[in-house]
Asks: 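After the structure tokens below, expect a handful of questions from me.
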Amino acid sequence: MRHLLSTQDLSRGDAIRILDTAEEMAAVGDREVKKLPALRGRTVVNLFFEDSTRTRISFEAAAKRLSADVINFAAKGSSVSKGESLKDTAQTLAAMGADAVVIRHWASGAPHRLASTDWIDAAVINAGDGTHEHPTQALLDAFTMRRHWSRLAGTGSQGADLSGMRVAIAGDVLHSRVARSNVWLLRTLGADVTLVAPPTLLPIGVEQWPCKVSYDMDRTLEQGVDAVMMLRVQGERMNASFFPSTREYSRRWGFDDNRLRSLDTLGMKDTIIMHPGPMNRGLEISSAAADSPRSTVLAQVRNGVSVRMAALYLLLSGDTREPAATPGAGHFAGAAPSTKESI
Ligand code: NCD
């Protein structure tokens, strides 16, 4: 396996392999000494062109738990703010001997660009590109859901998928790379996905996505859901007014206290409430919902480290025993180290 750029072409087998490896990594996080020697001597660069708290820290913790050396490169305060191009930055990192580059960029497609050129011969992990994709977030969300779903079924999570699980993804879908990556991955894992949003916050072409679309939050809840994923209203990406007022938004689309209560009255005692963070409390999610026993917000953060350990491990451990990419099986496993294959 070579790069982790998208969930769209991740096969079911690839996805399950990452989630299963993440389960093993989670066991390391439960130990007193939270460290494995697996990536000793390897260098992971966190290349962040956009603000991030949890994703950057999570990748740093993941790399360090695998004993890799970590270089944090924030675009603000670097030569990038003096106009250095992605190419020059990549070549500089290559000269420093980076084995993996974790990139977050405001431009959709920047990680693909990095992975498809010969500027740098490192594994590229997409940590969020514009409004396009955020594959490790979707994988940690799936990991969190899988644990919940397996616990309800009374089975172990290893090897399991999300068949039969009903997931609502609600809010600012238009600007959300989290929603895009989740729709593809959840579909691959067999979940039944409904997007819930005002028409102004749905992208053109959404009817071609492998999911249902609803404009009515309450009706979606009434129909039954096992997980509700609330998306942040991404003010920084909005150049126009997409809804009348914040009050109106939270009443119609937010997960407020009334909707939290309605899960009980509707008899959905096992439904979880998710959010990738950072949360706008009082806008897309109320504090009571975010802090309720149903909320998986902190579990998602915790699971993020295990999932990113798994991704780094599978990309960098030099395990080339898998057969070379089989047609239609995605590209996660088994690419020879010299190829520029991506997933
Ligand atoms: C998400 C992101 O950056 O896309 N956050 C994250 O990675 N934890 C979602 C968001 O910013 O709303």
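Just follow the structure's listing: the first ligand is 1, and inside any ligand the first atom is 1. Side chains are part of it too, since the values below use all heavy atoms of this structure and drop only hydrogens, waters and symmetry mates.
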Asks: So which residues, sorted by chain and number, lie with a heavy atom under 4.0 Å of ligand 1?
Replies: R54, T55, R104, H134, Q137, R177, V178, R232, Q234, P276, G277, P278
Asks: Without hydrogens or angle criteria, can the side chains of S157 and R147 be said to hold a donor-acceptor pair below 3.5 Å?
Replies: no
Asks: Once side chain to side chain donor-acceptor pair (under 3.5 Å) is applied, do any residues pair with S250, and if so which ones, sequence neighbours excluded?
Replies: none
Asks: Show me the pairs that pass ring pair (Phe, Tyr, Trp, His ring centres under 6.0 Å) and involve residues 19-51, at least two apart or across chains.
Replies: F49-H105
Asks: Run the salt bridge (Lys or Arg N to Asp or Glu O under 4.0 Å) check on R180 and D129 step by step: do they pass?
Replies: CA-CA 11 Å; R180 282 170 184 71; D129 61 327; over 6 Å; no
Asks: Among all residues two or more places apart in sequence or in another chain, which pass the side chain to side chain donor-acceptor pair (under 3.5 Å) test with D141?
Replies: Q137, N182, Q300
Asks: Look at R177 together with E50 and state whether they make a salt bridge at an N to O cut-off of under 4.0 Å.
Replies: yes
